[in-house]
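By convention in this document, chain letters (A, B, ...) are assigned in the order of the sequence lines, proteins followed by strands, and residues within each chain are numbered from 1. Basis for what follows: all heavy atoms, side chains included, without hydrogens, waters or symmetry-related copies. All of these numbers come straight from a predicted model, not from anything done at the bench.
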Amino acid sequence: MELFFQQVLNGLTLGSIYGLVALGLTLVYGILHVPNFAHGALYMVGAYVSYITMVDFGVNYWVAMLLAAVAVALLAVLCERLVFNPLRHAPPIHDKIAAIGIMLFLEALVQMQWGAEFRRMPTPYTDILDIAGMTIPAQRVLIIAGAFSLMAVLHLFLKKTMTGSTIVAMAQNREGAFLVGIDANRVAMMTFAISGALAAVGATLFAPINLVYPAMGHLLIMKAFVIIILGGMGSIPGAIVGGLIIGFAEAFGGFYISTDYKDIIAFALLVVILSIKPTGLFSKGVH
Amino acid sequence: MLKIHNLTKRFGGLAAVNNVSIEFEANKINAIIGPNGAGKSTFFNLVAGAMAPTEGRIEYQGMDITGMACDRIARLGIARTFQTTMLFDQSTVLDNLIVGHRLRTQSRLWDVIINSKRLRDEEKKCRARAQEVLDFVGLSHIGHRITADISQEEKKRVAFALALATDPELVLLDEPAGGINPEETENLAALIRKMVDHGVTVCLIEHKMDMIMSLADKIMVIDHGEKIAEGTPDEVKNNPLVIEAYLGSDEDAAA
Amino acid sequence: MSALTKISNFFMTPAMKIAMIVAALLFPFVAGNEYQIYVMALAFVWAIAVYGMNIITGLCGQLNLAHGGFFAMGAYALAILTVDHGWAFWPAFIAAGAVGAILGFLVGVISLRLKEHYFAIFTLCVGFIIYLLLDKWEELTHGALGIINIPAPSGFGLVDFTETTPFYYLALAFMVLSIWLASRIAHSLLGRTFLAIRISDDLAASLGINLMRNKVLAFVLSTTYASVAGALYAGMVRFIGPAEAEVTHTFDMITYLLVGGIGTLMGPLLGTLVITWLTQSLQFLEEYRMIVFGPMLVVLVIFFPKGVVGSFLSWRGRRLAAAHDASQAKEKAASNTSSSKSSAASTQEAGNHA
Ligand SMILES: Nc1ncnc2c1ncn2[C@@H]1O[C@H](COP(=O)(O)OP(=O)(O)OP(=O)(O)O)[C@@H](O)[C@H]1O
Ligand SMILES: [Mg+2]
């Protein structure tokens, strides 16, 4: 039973981070129809910013997280302005290739600057908690609590603020949004900024129990794509639920089936589901 | 020629086409009008097989084609143009048209590898057909141009030609005169009439009332997915339902 | 006719093709050292794979991000059959091509039901599954160790393909064959069919084109190209590992394709050669080449999406069209003064252009 709960905890940890990263991806997709292959690289840059500010400049964990969020948000906006905005009307293949170009560039840049070696991110929360007879590392609690509160904040932002509802309106109907005079440029930049910030926060939360290295975003971005396909591209609840599904599948699959193949589970799931239902799990037949 | 029985298409909760029944006769110009978002393009998509209807039946020349794949329907002789013209901008106008007759050919990969006689014959046939339809729409003088460089009206004509290259008996034209000036619109109307004179049945969607009223033999009016009227231009013009639901509410049409 | 027109016309003639082949045949004699021949042969092998990508992505418009995976699969099929099962090189080579075709068919049937972004993402995942399998399935693939001592192509006692120069000619022969087939396809009704799908699925279907059948055909052709190239690669470098399946190779190939000109006939070759030699001449770049290539991809798709060959072709197309119009105008003027001879001549001239 203890082991079972450990896996639940694992699944929850993985799922909340996956959900956070997938949220950013799905927001950008829903509004701009850009499958941002560079999103994983933004996540990676976020981790490095936190790492460098903490280790080299001795900044506090939370301040580092904030700095990373701001830095990556700006970087994401820069990508939108310089790359995706000019490609608005280009054939769909072009923005995908451009996104790949950004990804390759960021990874190479980080690698040139800081090398390819694996680094461990420090965290002030190294205690092991003992809750109801179970040992739980504090960082995991932090990840789960942090990710879900961020999701809640995002939800409130989208529901309660003017800017938020504009974003939702545009996600639902781009043309219509133009008609009622929404400033599409502002919304696009805003969306990229949010998506970048989410990635950076996710990275800073997750990296202490993982490693920091230039290719750390690869696997994650692919899983995030799997998640948003499962959850319906552009759907916010879909990203969260999809993230949890994949998180749990990996935790339990890795434990009960094989750790070697645990990374394949997400992709195998995708292949199976898309073979049966080409439009994804939760899509309503509307595109 | 085309009989539609209780055709319905729902997207989630929205009925884009709702219980429409109508019959189009051969060798006539049939028009479909209605406000933006009325479901006109969706109606075409259903007839052409681009999407399957939720309910209802489509009968073409006595054959039930409901839910049949788009490419099979094209081979049966229904061709279409799209609201936004899609062409390959980087090649010449003539090159764009050659593929139009592909559906009447048999060549496969093996023919391509050995460059078989069948392939060579069929390529000749497709090229000849492309030249023919280019002449038909009156563009033989620009066949060599890069498609990106021709005018909007010329592109519309090329799209017509491409549809005609499939040897259709019924052609569905979705807003052929969209984004085109009045003089060109008249020329396009003449071309549509010429198509009918050559034995092609035309079904068109259009917002330009002058064009429709002078061109159409029969008009169907749809609003919110439902057919609200059908008949000759005069009947439709004087139908109070149409005036109220469509003409009255749409400035476009009044103009 | 201006010199520029003459030169641009020359590029399109059979003489140009012959000149290129002669240059390729002579290359080993003018190359400074064996290493350069080796690099060129390797570029030819990659170019074969890029031609495959050009069929599915350039002609048919579907961005296949598993292409590098199929390349690796061809390499592994050959390596496993020769090293672990004692097959001779050429039967294993044919089998590797068949493996690419069959797996391509299976993957294609599933993935091509998806459109645009979904297809790209799905194939990205397929590529990653291939990588994970090659890395983890140790009984079959030797896992992370990779496979060593792969035999070189057998020369039947006539030539020794472990030598660089003979292998160079072998790679050249395969590449010329690949280009020949690619050109057959591109210029045939089949190529036009693929191109119609690239413009739009809806348009192609409305022209009576069976989307699924044609997309799967294009996909199988491309994966066969990739796995044949992979098998040749294995026979050239003689040892392979899971890194062969890393997605970076797919991205490299996209770069080659985009630089040369996506959807054009000579673009894949030109792009591969240019980038390969650029990387070679900037040795220090090897590891960090993406610092240059990444932004280059972005700049290309924004400002220069047709690539070198594509831009050349549309430039030339415009000139020809203008020349045609001019000659027609002249013809009109001439026919007004009723000179039927010159009009016939200028029609002839225009016909030659087209
Ligand atoms: N694939 C689809 N999925 C969901 N809704 C759709 C789809 N296609 C059309 N609709 C909806 O169906 C309704 C009818 O659309 P349709 O394009 O048929 O209108 P239309 O009469 O052609 O309008 P217009 O004159 O603007 O071209 C619209 O509300 C549209 O949003
Ligand atoms: Mg419409």
Side-chain angles (χ1 to χ4, degrees), chain A residues 29 33-35 37-38 41 79 82-87 90-109 111-112 116 215 218-219 221-226 228-229 233 258 260-264 266-272 274-280 287, chain C residues 57-58 61-63 65 107 109-122 124-133 135-138 143 198-200 246-248 250-252 254-255 257-258 262-263 285 287-303 305:
Chain A
Y29 185 84
H33 289 264
V34 177
F37 287 105
C79 292
L82 292 182
V83 180
F84 296 113
N85 194 47
L87 286 172
I93 237 177
H94 289 182
D95 48 22
K96 281 179 287 213
I97 294 178
I100 290 171
I102 297 175
M103 178 191 90
L104 296 173
F105 171 70
L106 289 177
E107 276 175 15
L109 196 67
Q111 185 170 341
M112 191 166 83
H218 275 184
L219 203 52
I221 181 72
M222 282 194 260
K223 287 178 187 169
F225 269 122
V226 170
I228 69 171
I229 288 182
M233 301 256 251
S258 145
D260 260 359
Y261 288 107
K262 88 173 182 334
D263 285 332
I264 232 171
F267 307 109
L269 213 58
L270 178 79
V271 171
V272 170
L274 287 184
S275 312
I276 301 164
K277 200 164 176 289
T279 48
H287 57 228
Chain C
T57 305
Q62 317 292 312
L63 184 61
L65 295 177
V107 172
V109 164
I110 296 174
S111 61
L112 289 161
R113 303 198 308 167
L114 310 170
K115 304 222 185 290
E116 288 176 9
H117 305 318
Y118 284 81
F119 176 78
I121 294 166
F122 187 90
L124 183 71
C125 294
V126 168
F128 191 70
I129 292 178
I130 293 174
Y131 169 77
L132 278 182
L133 285 177
D135 191 46
K136 307 277 190 208
W137 191 355
E138 290 182 1
R198 167 171 163 190
I199 304 170
S200 135
E246 271 175 10
V247 72
T248 0
T250 306
F251 296 155
D252 280 338
I254 293 177
T255 313
L257 197 54
L258 219 63
I262 194 163
L285 261 184
E287 200 174 344
Y288 304 119
R289 63 188 189 287
M290 291 308 175
I291 288 187
V292 178
F293 288 0
M296 188 172 75
L297 276 180
V298 174
V299 169
L300 277 172
V301 289
I302 296 178
F303 299 107

Heaviest contributor of heavy-atom pairs below 4.5 Å to chain C, chosen from A:L106, A:V226, A:L219, is A:L219
Where does A:P92 contact chain C at under 4.5 Å (heavy atoms): side chain, backbone, both or neither? both
In Å and rounded to the nearest 0.5 Å, what is the CD1 to CZ distance from A:I221 to C:F128? 13.0 Å
By salt bridge (Lys or Arg N to Asp or Glu O under 4.0 Å), A:K96 pairs with (sequence neighbours left out) none
Between A:A98, A:A108, A:A99, which has the largest tally of heavy atom pairs under 4.5 Å with chain C? A:A108
Look at C:S111, C:P305, C:P295, C:A120 and state which one has the largest set of heavy-atom pairs under 4.5 Å with chain A. C:P295
d(C:F251 CZ, A:I97 CD1) to nearest 0.5 Å is 10.5 Å
Sequence-distant partners of A:H94, ring pair (Phe, Tyr, Trp, His ring centres under 6.0 Å), two or more places apart: none
Which portion of C:T255 sits near chain A, non-hydrogen atoms under 4.5 angstrom: neither
Determine, step by step, whether A:V83 and C:V301 satisfy the side chain to side chain contact (heavy atoms under 4.5 Å, CB included) criterion, reporting the C-alpha distance in whole Å, the side-chain angles of both residues, the deciding distance to 0.1 Å, and the verdict. CA-CA 9 Å; A:V83 180; C:V301 289; over 6 Å; no
A:L82 portion near chain C, given a 4.5 angstrom heavy-atom threshold: backbone
Between C:L124 and chain A, with a heavy-atom cut-off of 4.5 Å, which part of the residue counts as in contact: side chain, backbone, both or neither? both
OG1 of C:T248 to NE2 of A:H218: how many Å apart, nearest 0.5 Å? 7.0 Å
Drop me the distance from C:L258's CG to A:I100's CD1, to the nearest 0.5 angstrom. 10.5 Å
Minimum heavy-atom separation for A:I93 and C:G61, please, with both atom names. CD1-O, 3.8 Å
Ignoring hydrogens, what is the shortest heavy-atom contact between A:F105 and C:I291? Give both atom names and the distance. CD1-O, 3.5 Å
CG-CE distance between A:L104 and C:M296, expressed to the nearest 0.5 angstrom: 10.5 Å
Measuring heavy-atom distances to chain C, does A:L109 have an atom under 4.5 Å in its side chain, in its backbone, in both, or in neither? both
Please tell me if the side chains of A:L87 and C:V298 come closer than 4.5 Å, counting only heavy atoms from C-beta onward. no
So, the part of C:I254 with a heavy atom under 4.5 Å from chain A: the answer is side chain
Where does A:A268 contact chain C at under 4.5 Å (heavy atoms): side chain, backbone, both or neither? backbone
What is the distance from atom CG of A:L270 to atom OH of C:Y118, rounded to the nearest 0.5 Å? 10.5 Å
Closest heavy-atom contact between A:G101 and C:L297? CA-CD1, 3.9 Å
Less than 4.5 Å apart, any side-chain heavy atom of A:F37 and any of C:L65? yes
